[in-house]
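A note on names: the letters A, B, ... follow the listed sequences, proteins ahead of strands, and every chain is numbered from 1.
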Amino acid sequence: MDNDQVAAILAEIGVLLELKGENPFKTRAYTNAARTLETFPERLETIVAENRLGEIKGFGQALQDKITQLVTTGSLPYYDELKASLPPGLLELLEVPGLGPKKVKILHDKLNIASLSQLETACQSGQVAELPGFAAKTQSKILDGIAFRKKYASHHLISLALRTADPILDQLRSHPDVIRCATAGSLRRHKEIIGDIDFLASSRNPTAVIAFFTALPGVILIHASGDTKASVVLEGGIQADLRVVTDPEFPFALAYFTGSKEHNIVMRQRAIERGLRLNEYGLFRSNSETNDPALLLPCATEEEIYNQLDLDFIPPELRENQGEFDAAAEHRIPRLIEWTELRGSLHNHSQWSDGRDSLNDIIAAMIDLGCDYWAITDHSKSSVQANGLQPDRLQRQITEIASRNRRLADEGESFRLLTGTEVDILNEGRLDFDNDLLAQLDVVVASIHQGFTQSEPEITRRLIRAAENPFVHMLGHLSGRLLLERHPYKLDAHAVIDACAETGTWIELNASPYRFDLDWRLWSYAKSRGVKCVINCDAHRLEHSGFLRLGAGIARKGWLTKADVINTLPLPQLKKALAQKRA
DNA sequence: GCCGTTTTCGGCCCGACTGTTTTCAGTCG
């Protein structure tokens, strides 16, 4: 079993223990261990073989034994027994808003409810309202929650969340009672999938701001509305929370509500170690219970809060408790890449295959955007569904791009189109074009578009063979996932990264918000192996050039700097880098 | 289940809101 599989099982054990009513700190130990493994840079197989599990913080004897069993035997009787002791439907009950482990346990113990449909029936017949701790209001809230769940997704792509949040942010900022306003939470941390949108505002009149927010035209449902906090559902089904604080409290609240939860826990612990108390209202001297203003250490910005805790500023994208505290304490937080440092994209499509736009339109738009170059990497012949190019059409496209570039040169324009292909990786790792043809192209991206159901060793081998081809510059969308739609195919990403390191092959960070592939959690491993990143739009229409910005956000989450990303290079240096593998 | 120079037990982040309660438990973030 690999890291992800073990992490998934530990996370499920955490939830199952919660449902059993176990000690919450025990359940947290499993949840924390799962989280650690999700982003752990080394392969568990290696760690177990070298008997180093105990060196990982939070991995005590019990967890070490269980993980070792999972990695070496592929199964864990403790988990199987735990799972068998509870009906599988209980897990989905937890997804109903307002239902936590305690209430689910009561529903199961008293009414033998073990699925969403059973819960719906019991609510409709009024049985749920009779239970201790439940009443009419809870019952109808559960019914609303089940109906809502049928109608809307609970998770959303960051691109949709940004489109939803930006206009609301503008409206809040224009309200006369709002002093400062920002988004926080997973949106500010630039997670690829967003559960809800968190807004934070400072004001002397929170009631007015809350009233304004809950009355916005996009609000279709109000979950909760108090003096300083409101929770609503917006059109499209995204939940949005607003918290209103005083202006001096704003930086503390911004840090607090940006999270992540795991990051905040460490922040609080650091405060306690220094005889301080940190919460969303401030950083206070002494451990007294009250938020006494006389004991406040005023901080005008988030950076000052970090400094008070002997840390350098930690950019929101890194606040996942994934090593940022050690780095910040030792002044090792890198200067993360900015999207404006990107000079172009090396994986894009045109109307020659399944893109929408002509070469001329692409040239005009990308010059307008300020790019130095833009590679046209249309699909290869086997991608019939995407109108992939036969070799003769690709030859014609090479000629046409050359003539466009001559015209650009004549006009004194420095922008250039680059020729290229997104060549299919076929079975056994053969490529869809001959090396003779690939050798004529500026940029070769190799990607898998078929044979998704092959075994992990087969797919891993295909990708490694593609990396070994001297004409392949980079591997495209490595895992093949489509966020919220399609799981990645099975592959050993660490082994492929190792092969890229050995062959000098780059890995794409596909910046389409449906992909963000390679996942940000794997970039620190890739970086540690010296593998370079290319942030590509995989543009199929002009507006997809906006993905550069989103992709840079994901690269920042992966701790990448300008030097780690190939397409920050100006054209002459890029051409040298492209020639390097072939030489 | 984890952790530890106040160490093998007794802690483990903390506050807002809701609903069901006659003072608080559960959920959420």
Side-chain angles (χ1 to χ4, degrees), chain A residues 10 13-14 17-18 20-34 36 53-67 78 93-107 128-142 144-145 154 184-189 194-200 206 210 214 222-232 239-245 249 252-253 255-273 276-284 287 289-291 321:
Chain A
L10 293 181
I13 290 175
L17 290 175
E18 256 194 303
K20 288 231 147 190
E22 262 287 1
N23 175 354
F25 298 104
K26 181 173 169 179
T27 73
R28 191 186 291 173
Y30 281 94
T31 309
N32 288 344
T36 303
L53 270 182
E55 294 170 15
I56 307 172
K57 193 170 151 58
F59 286 37
Q61 197 56 53
L63 276 165
Q64 290 174 43
D65 291 347
K66 293 189 174 80
I67 292 169
Y78 171 78
L93 294 188
L94 280 176
E95 287 166 29
V96 177
L99 288 188
K102 298 263 167 47
K103 284 207 155 76
V104 167
K105 193 170 188 307
I106 293 171
L107 288 166
V128 169
E130 310 284 315
L131 293 171
F134 292 72
K137 226 162 183 175
T138 306
Q139 181 172 267
S140 80
K141 251 184 93 176
I142 292 173
D144 288 348
S154 59
S186 52
L187 192 62
R188 183 160 182 249
R189 299 202 314 280
I194 306 294
D196 61 7
I197 301 172
D198 295 298
F199 294 101
L200 177 70
I210 294 285
T214 54
I222 301 172
H223 270 323
S225 176
D227 293 338
T228 62
K229 181 178 165 176
S231 178
V232 304
Q239 184 175 317
D241 296 340
L242 169 67
R243 186 65 181 264
V244 186
V245 298
E249 287 165 350
F252 301 101
Y256 180 85
F257 289 109
T258 296
S260 63
K261 202 171 140 191
E262 291 75 10
H263 181 91
N264 287 350
I265 288 172
V266 178
M267 288 289 279
R268 280 172 194 269
Q269 282 166 345
R270 287 189 74 96
I272 291 167
E273 286 162 15
L276 305 171
R277 241 178 83 246
L278 177 66
N279 58 32
E280 62 260 57
Y281 300 111
L283 181 62
F284 300 92
N287 285 311
E289 286 300 306
T290 56
N291 294 334
N321 194 21

Counting primed atoms, P, OP1 and OP2 as sugar-phosphate and everything else as base, the B/S/- map of nucleotides 24-29 of chain B against protein heavy atoms under 4.0 Å is --SSSB
TODO: Dump the intermediate steps for side-chain contact (heavy atoms from CB on, under 4.5 Å) on A:T36 and A:F59, then the final yes or no.
DONE: CA-CA 10 Å; A:T36 303; A:F59 286 37; 4.1 Å; yes
Between [X] ([atom1]) and [N] ([atom2]), how many Å, whole number?
X	N	atom1	atom2	answer
A:N23	B:dG11	CG	C1'	11 Å
A:M267	B:dC13	CE	C1'	13 Å
A:K141	B:dT20	NZ	P	9 Å
A:Q139	B:dG19	CD	P	14 Å
A:E262	B:dC14	CD	P	16 Å
A:L283	B:dC14	CG	P	13 Å
A:N264	B:dG15	CG	P	13 Å
A:I67	B:dG1	CD1	C1'	12 Å

Distance between the [atom1] atoms of [N] and [M], in whole angstroms?
N	M	atom1	answer
B:dT8	B:dC13	C1'	24 Å
B:dG1	B:dT5	P	23 Å
B:dT6	B:dC2	P	23 Å
B:dG4	B:dG15	C1'	28 Å
B:dC12	B:dT7	C1'	15 Å
B:dT21	B:dA16	P	24 Å
B:dT27	B:dT20	C1'	14 Å
B:dT23	B:dC28	P	25 Å

When you measure from the side chain of [X] to the backbone N and O of [Y], does any donor-acceptor pair fall under 3.5 Å?
X	Y	value
A:S186	A:R189	no
A:R243	A:L200	no
A:Q139	A:A129	yes

What N/O pairs connect the protein and nucleotides 2-10 of chain B at under 3.5 Å? Give each pair on its own line.
from  : atom 1 : to    : atom 2 : distance (Å)
B:dC2 : OP1    : A:G60 : N      : 2.6
B:dC2 : OP1    : A:G60 : O      : 3.2
B:dC2 : OP1    : A:L63 : N      : 3.2
B:dC3 : OP1    : A:G58 : N      : 2.5

query: Should A:T27 be listed as having a side-chain N or O under 4.0 Å from OP1 or OP2 of B:dG1?
result: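 It does not, given that no N or O in the side chain of A:T27 lies less than 4.0 Å from OP1 or OP2 of B:dG1.
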So does A:R28 get a side-chain nitrogen or oxygen closer than 4.0 Å to the phosphate oxygens (OP1/OP2) of B:dC13? yes
Review point. Is A:L131 close to A:L107 at the side-chain level, that is, under 4.5 Å between some pair of heavy atoms?
Key: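 A:L107 vs A:L131: side chains touch.
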**Q.** Non-hydrogen side-chain atoms of A:E280 and A:V245 separated by less than 4.5 Å
**A.** no
- Worked verdict on A:V128 versus A:T138 for side-chain contact (heavy atoms from CB on, under 4.5 Å): CA-CA 8 Å; A:V128 169; A:T138 306; 5.7 Å; no
Let me see the working for A:N279 and A:F284 under side-chain contact (heavy atoms from CB on, under 4.5 Å), right down to the final yes or no. CA-CA 9 Å; A:N279 58 32; A:F284 300 92; 3.7 Å; yes
Of A:F134 and A:G226, whose closest DNA chain B nucleotide lies nearer the 5' terminus?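 Taking each residue's closest nucleotide, the earlier one in sequence belongs to A:G226.
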For A:H223 and A:L17, find the nucleotide of DNA chain B closest to each by heavy atoms; which residue's nucleotide sits nearer the 5' end?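 Looking at the nearest nucleotide for each, A:L17 comes out on the 5' side.
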By salt bridge (Lys or Arg N to Asp or Glu O under 4.0 Å), A:E18 pairs with (sequence neighbours left out) none
Tightest non-hydrogen contact, residues A:A29 and A:L63, listed as O-CD1, 3.9 Å
Using Watson-Crick geometry (N1-N3 plus N6-O4 or O6-N4) or G-U wobble (N1-O2, O6-N3), each under 3.5 Å, B:dT8 is paired with none
